[in-house]
Amino acid sequence: MTRALIEWYARAARDLPWRDPETTPWAVLVSEFMLQQTQVDRVLPRWAAWVERWPTPSALAIDEPGEAVRVWDRLGYPRRALWLHRAAVEIADRHGDRVPADIDELLALTGIGPYTARAVAVFAFGERHPVVDTNTRRVLARAVHGRAAAGMPAAADLDDMAALLPEDRAGAAAVNAAAMELGAVVCTARAPRCGECPIARWCEWRGAGYPDNAPAKRPRQARFAGSDRQARGRIMALLRRSEGAVAVERALEAAADGGVGDPEQPRRAYDSLVADGLLVEREGSARLP
DNA sequence: AATTCGGGGTT
DNA sequence: AACCCAGAATT
């Protein structure tokens with residue numbers, strides 16, 4: 001099955017720029033930050049702009065965090081831009097401007113968790129580790145465990161993936177990438193294209209006749225329209241397009257504009273941005289950090 | 001273990 | 001309108 005995965009990946013993988021062997025570990029790390037909960041098509045242009053402007057961690061580190069937030073644009077979860085800037089400072093300070101290849105050193109960086117640490121170690125440095133993202137978890141759930149969908153993330157996911165990896169580093173990296181790619185383009189959440197799947201013959205879920213046995217999923221995400229998150233987003237959009245600072249009143253109005261009328265929502269959104277360090281208030285005006 | 005955090009594309 | 005997305009930090 002892993003051999004089929006590797007062959008399929010070599011033949012059918014999308015030609016994504018961060019997969020180019022010439023891509024630096026820093027640029028790979030940037031791609032992984034941006035790809036957290038964000039689709040490839042939306043990341044492509046932002047990634048290109050980012051790595052051109054900041055080709056090294058130190059280039060970003062000496063710039064203002066707010067500039068990172070600005071270039072991040074509408075990728076969502078703007079805290080990631082702040083965390084990526086923070087990670088750049090940490091890499092410049094603690095690692096001599098070189099992205100570490102060690103899992104624990106990567107995990108110690110701001111904004112890097114279990115997935116991103118292993119993804120960087122494997123895809124940027126060719127280390128041998130299991131890499132498990134949401135795509136991989138779905139592929140494992142179906143092909144190995146015969147389930148329609150993955151359950152909650154668990155430490156066992158890493159063991160499942162590790163069990164599939166060949167001994168050699170290059171092969172292990174290829175299987176990691178192939179499992180992710182398969183989940184992204186073939187073994188999709190809604191309508192899997194089993195007719196195009198290279199491992200359909202081994203798939204336990206398919207073999208069992210596609211039982212409707214999906215485990216309990218995470219609680220439904222609250223609606224975005226009218227949410228505090230949307231109000232935060234409106235303030236962030238205003239700050240991004242404002243050259244310098246804006247009056248606090250303007251920021252609160254932006255939060256309320258199009259809102260659901262909750263009189264406390266603008267202040268709640270504003271304060272949470274301050275708490276996150278995405279908004280700095282000084283002398284009655286608000287600006288990016 | 002449960003919440004919070006964006007915003008856009010797909011069904 | 002609900003679902004889904006190369007997750008991580010916080011509580």
Side-chain angles (χ1 to χ4, degrees), chain A residues 9 13-14 16-19 27-47 69 72-84 86-87 106-124 130-140 148-155 157-158 161 173 176-185 187-193 214 216-237 239-240 255 258 268-269 271-273 275-279:
Chain A
Y9 185 74
R14 292 168 294 177
L16 302 176
W18 42 83
R19 288 175 175 166
V28 171
L29 188 155
V30 171
S31 80
E32 296 298 348
F33 262 84
M34 292 184 168
L35 287 162
Q36 291 167 8
Q37 295 285 285
T38 309
Q39 297 86 339
V40 166
D41 289 345
R42 296 176 55 203
V43 166
L44 285 168
R46 292 295 102 216
W47 179 81
V69 174
W72 193 260
D73 198 27
R74 286 188 279 178
L75 274 182
Y77 296 130
R79 292 189 297 194
R80 289 183 295 168
L82 224 45
W83 291 341
L84 180 49
R86 219 168 282 165
L106 286 162
L107 282 171
L109 298 172
T110 302
I112 293 191
Y115 164 75
T116 304
R118 290 174 177 79
V120 170
V122 171
F123 301 137
V131 182
V132 175
D133 76 332
T134 185
N135 292 307
T136 301
R137 296 197 321 105
R138 182 173 52 252
V139 169
L140 289 171
M152 304 293 284
D157 299 337
L158 286 176
M161 192 62 205
N176 276 312
M180 291 172 58
E181 183 77 355
L182 189 70
V185 302
C187 193
T188 54
R190 300 276 188 90
R193 310 163 74 173
K217 25 182 177 272
R218 1 174 41 141
R220 206 176 83 258
Q221 175 173 305
R223 65 185 300 115
F224 181 63
S227 66
D228 284 11
R229 296 163 75 162
Q230 187 177 40
R232 281 169 54 106
R234 290 201 191 89
I235 296 176
M236 291 307 299
L239 295 181
R240 282 197 307 269
R268 209 160 51 232
D271 288 346
S272 73
L273 288 174
D276 284 345
L278 285 163
L279 186 159

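Letters A, B, ... are given to chains in the order of the sequence lines, protein chains preceding strands, and every chain is numbered from 1. Given the structure is predicted, the values throughout are model-derived calculations rather than measurements.
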Handout entry: A/Arg223 side-chain N/O to C/dA1 phosphate OP1/OP2 under 4.0 Å
Key = yes
Practice task
Considering only atom P, compute the distance from B/dT4 to C/dA6 and round it to an integer number of Å.
Solution key: 24 Å
Problem - Minimum-distance nucleotide to A/Pro114 side chain [options: C/dC3, C/dA8, B/dG6] - result: C/dA8
Handout entry: Verdict with supporting geometry, A/Thr116 and A/Leu106, side chain to side chain contact (heavy atoms under 4.5 Å, CB included)
Key = CA-CA 8 Å; A/Thr116 304; A/Leu106 286 162; over 6 Å; no
Practice task
Starting at atom CZ of A/Arg80, determine the distance to atom C1' of B/dC5, rounded to an integer number of angstrom.
Solution key: 10 Å
Exercise for the section: Assign A/Gly113 to base, sugar-phosphate, or nothing according to its heavy-atom contacts below 4.0 angstrom with the strands shown. Expected result: sugar-phosphate
Fill in the blank from the handout: Tested for side chain to side chain contact (heavy atoms under 4.5 Å, CB included) against A/Phe33, the lone hit among A/Leu84, A/Thr38, A/Val120 is A/Leu84
Exercise for the section: Kindly determine whether A/Met161 and A/Leu158 satisfy side chain to side chain contact (heavy atoms under 4.5 Å, CB included), including the steps that lead there. Expected result: CA-CA 5 Å; A/Met161 192 62 205; A/Leu158 286 176; 5.8 Å; no
Exercise for the section: Specify the residue among A/Asp276 and A/Met152 whose closest nucleotide of DNA chain B lies further upstream toward the 5′ end. Expected result: A/Met152
Practice task
From the options C/dA6, C/dA2, C/dA8, select the nucleotide whose nearest atom is closest to the side chain of A/Arg14.
Solution key: C/dA6
Problem - Euclidean distance for P, B/dG6 against C/dT10 (whole angstrom) - result: 14 Å
Handout entry: Test item: A/Ser272 side-chain N/O and A/Ala269 main-chain N/O as donor-acceptor pair under 3.5 Å
Key = yes
Practice task
Under 4.0 Å between any heavy atoms, over every strand shown, what does A/Trp18 touch: base, sugar-phosphate, or nothing? Just pick one.
Solution key: base
Problem - Whole-Å distance separating the CZ atom of A/Phe224 from the P atom of B/dT4 - result: 15 Å
Problem - Nearest listed nucleotide, side chain of A/Arg74, among B/dG6, B/dC5, B/dG7 - result: B/dG7
Problem - OP1 or OP2 of C/dA6 under 4.0 Å from side-chain N/O of A/Thr38 - result: no
Handout entry: Exceeds 12 heavy-atom contacts within 6.0 angstrom, atom CZ of A/Arg74
Key = no
Practice task
Grab the CZ-P distance between A/Arg240 and B/dG7 for me, whole Å please.
Solution key: 6 Å
Exercise for the section: Using modelled atom types only, decide if a donor and an acceptor are shared between the side chain of A/Trp47 and the backbone of A/Ala27 within a distance under 3.5 Å. Expected result: yes
Practice task
Would you classify A/Ala189 as touching base, sugar-phosphate or nothing, given that sugar-phosphate means primed atoms plus P, OP1 and OP2, and contacts are heavy atoms under 4.0 Å?
Solution key: sugar-phosphate
Exercise for the section: Check if the side chain of A/Arg229 and the base of B/dG6 share a donor-acceptor pair of N or O atoms closer than 3.5 Å. Expected result: yes
Exercise for the section: Between A/Arg190 and A/Val40, just flag the one whose closest nucleotide in DNA chain C comes earlier from the 5' side. Expected result: A/Arg190
Practice task
Please report, rounded to the nearest Å, how far the C1' atom of B/dG6 is from the CG atom of A/Leu239.
Solution key: 15 Å
Problem - A/Gln39 vs C/dC5: side-chain N/O to OP1/OP2 distance below 4.0 Å - result: no
Handout entry: Heavy-atom donor-acceptor pair, A/Arg42 side-chain to C/dA6 base, under 3.5 Å
Key = no
Problem - Between A/Tyr115 and A/Glu32, a side-chain donor and acceptor under 3.5 Å - result: yes
Exercise for the section: Would you classify A/Ser272 as touching base, sugar-phosphate or nothing, given that sugar-phosphate means primed atoms plus P, OP1 and OP2, and contacts are heavy atoms under 4.0 Å? Expected result: nothing
Exercise for the section: Starting at atom CD of A/Glu32, determine the distance to atom C1' of C/dC5, rounded to an integer number of angstrom. Expected result: 14 Å
Problem - Spacing of A/Leu107 atom CG relative to C/dA9 atom P, expressed in whole Å - result: 9 Å
Practice task
In whole angstrom, give the distance that lies between atom OH of A/Tyr77 and atom C1' of C/dA8.
Solution key: 10 Å
Practice task
Look at A/Arg138 and C/dC5 and indicate whether a side-chain polar atom (N or O) is within less than 4.0 Å of OP1 or OP2.
Solution key: yes
Problem - Comparing A/Leu16 and A/Ile112 on DNA chain C - which has the more 5′ nearest nucleotide - result: A/Leu16
Practice task
Grab the CD-C1' distance between A/Gln37 and B/dG6 for me, whole Å please.
Solution key: 10 Å
Exercise for the section: Would you classify A/Pro153 as touching base, sugar-phosphate or nothing, given that sugar-phosphate means primed atoms plus P, OP1 and OP2, and contacts are heavy atoms under 4.0 Å? Expected result: nothing
Practice task
Can you check whether any acceptor in the base of C/dC5 is under 3.5 Å from a donor in the side chain of A/Gln221, or vice versa?
Solution key: yes
